[in-house]
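In what follows, a single structure is set out as structure tokens and then discussed.
Reckoned from all heavy atoms, side chains included, excluding hydrogens, waters and symmetry mates.
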Amino acid sequence: MAILVFVEQRDGRVRPVVREALGEATRLAKALGGPVVAVCAAASDPGLAALGEAGAEQALLATHEAFGRYEPSGYAAAVAAAVERIRPAVALFAGSAMGRDLAPRVAAKLRIGLASDCTALAVEGGTLRATRPVYAGKATQTVAFKKSPALVTLRPKVFAPAATGGTQATVSPLDLSYDPASVKARVTEVKAEQGGKVDLTEAEIIVSGGRGLKGPEHFHLIEGLAEALGATVGASRAVVDAGWRPHADQVGQTGKTVSPKLYVAVAISGAIQHLAGMSSSRCIVAINKDADAPIFKVANYGVVGDLFELLPKLTEAAKAYFAGKR
């Protein structure tokens with residue numbers, strides 16, 4: 001009863017979220033009694049042997065020059081071919097932008113069910129049970145699977161990576177039938193932001209700003225605190241809709257779902273849409289002048305006050321604290 005893990009790569013490098021999926025796969029393998037097998041579609045080997053240290057015993061590599069960038073139909077064909085070859089009990093995908101796009105395609109191709117955005121997995125009586133938030137995070141749902149394999153996407157930063165030692169995974173070629181001419185849509189270019197910004201879904205600390213900042217000219221306060229904390233900047237939907245920040249910064253149901261160690265919500269009221277995207281954060285700090293703001297209901301720590309007075313002081317305190325520690 002093998003566990004299959006899709007390996008997401010970008011620019012020839014394995015993405016960090018893959019190690020989280022491998023860590024959970026390793027844990028499940030102990031309960032199901034099968035090997036952990038990684039599958040990757042790429043133009044060339046992105047270093048799959050090294051994934052042995054993260055729990056993969058074997059890696060299947062489908063190579064094609066068109067796989068240098070994300071190619072939905074080709075990637076889905078590669079995962080389907082891996083499923084056909086090893087007959088896994090479970091197939092895991094990171095809940096990244098790529099994983100959320102690819103997993104449903106694979107599910108449709110294989111005509112099986114998919115549990116998305118899962119926050120916990122368990123094996124009961126030899127069967128996988130997946131827990132996922134529903135109703136914008138107001139409740140959780142535990143689901144089972146009628147067919148094998150059980151397809152699952154994992155919410156980033158919820159599952160811990162596992163280190164199994166210095167072993168190397170065995171890399172084998174994966175043959176598949178793929179005709180680039182039959183592709184109806186393809187990715188022609190990926191524009192990355194400058195400055196090496198950490199993606200929100202992979203960030204350990206996030207400082208997000210809301211409409212209470214009153215304008216884009218005040219977002220330097222959020223950026224200053226984020227820099228002092230070594231954090232990534234996020235934003236509410238209202239801020240993005242107003243054009244103050246790019247959509248890539250949006251946290252929420254229609255933006256990105258995040259689970260950092262620390263989430264600082266500044267001038268964000270706490271609409272259901274926003275809470276759905278960040279309520280699984282390990283520690284939530286809310287700063288808002290409205291003591292009755294819904295965000296305080298999910299916050300571990302809350303500060304009622306004027307952000308224009310508080311943020312400069314917090315930033316200076318953070319700089320002083322971390323001085324000499326980094």
Does either side chain, that of Tyr135 or that of Gln141, offer a donor lying less than 3.5 Å from an acceptor on the other one? no

Salt-bridge test for Glu316 and Lys313: reply yes if a basic N is under 4.0 Å from a carboxylate O, no otherwise. no

So which heavy atom on Val233 is nearest to which on Phe219, and how close? CG1-CE2, 4.0 Å

Below 4.0 angstrom, N of the basic side chain to O of the carboxylate: do Lys157 and Glu204 qualify? yes

Flag the pair Ser116 / Phe93 as yes when at least one side-chain heavy-atom distance between them is below 4.5 Å, and no otherwise. no

Quick check for you: to the nearest 0.5 Å, what is the distance between Ser96 atom OG and Arg10 atom CZ? 8.0 Å

Using the ring of each side chain (for Trp, its six-membered ring), is His274 parallel, tilted or perpendicular to Tyr263, with breaks at 30° and 60°? tilted

With rounding to the nearest 0.5 angstrom, report the OG1 to CG distance, Thr232 to Leu229. 11.0 Å

Would you call Pro149 and Leu4 a side-chain contact if the rule is heavy atoms closer than 4.5 Å? no

Within-4.5 Å side-chain heavy-atom neighbours: Asp101 and Tyr70: yes

Would you please test Thr257 and Thr201 for side chain to side chain contact (heavy atoms under 4.5 Å, CB included) and show each step? CA-CA 7 Å; Thr257 300; Thr201 58; over 6 Å; no

Find the distance between CG (Asp290) and OG (Ser269) and round it off to the nearest 0.5 Å. 8.5 Å

Does a donor on one side chain and an acceptor on the other come within less than 3.5 Å for Thr170 and Glu57? no

Please determine if Asp117 and Arg155 form a salt bridge, counting it only when a charged side-chain N lies under 4.0 Å from a carboxylate O. yes

Might you work through the side chain to side chain donor-acceptor pair (under 3.5 Å) test for Ser73 and Glu71, ending with a clear yes or no? CA-CA 6 Å; Ser73 61; Glu71 203 295 281; 3.0 Å; yes

Note, Ile206 side chain near Val264 side chain (heavy atom, < 4.5 Å): no

All heavy atoms of Asn300 vs all of Arg282, minimum pair found to be OD1-O, 3.8 Å

Please determine, by modelled atom types, if Thr119 and Thr131 share a side-chain donor-acceptor pair under 3.5 angstrom. no

Evaluate the side chain to side chain donor-acceptor pair (under 3.5 Å) criterion for residues Gln273 and Thr254: first the C-alpha distance (whole Å), next the side-chain angles of each, then the deciding distance (0.1 Å), finally the verdict. CA-CA 7 Å; Gln273 186 271 345; Thr254 56; 3.0 Å; yes

Could you tell me whether Lys256 and Asp199 have a side-chain N and a carboxylate O separated by less than 4.0 Å? yes

Looking at CG of Asp45 and CD of Gln9, how far apart are the two atoms once the value is rounded to the nearest 0.5 Å? 10.0 Å

With rounding to the nearest 0.5 angstrom, report the CG to CG distance, Leu151 to Leu92. 9.0 Å

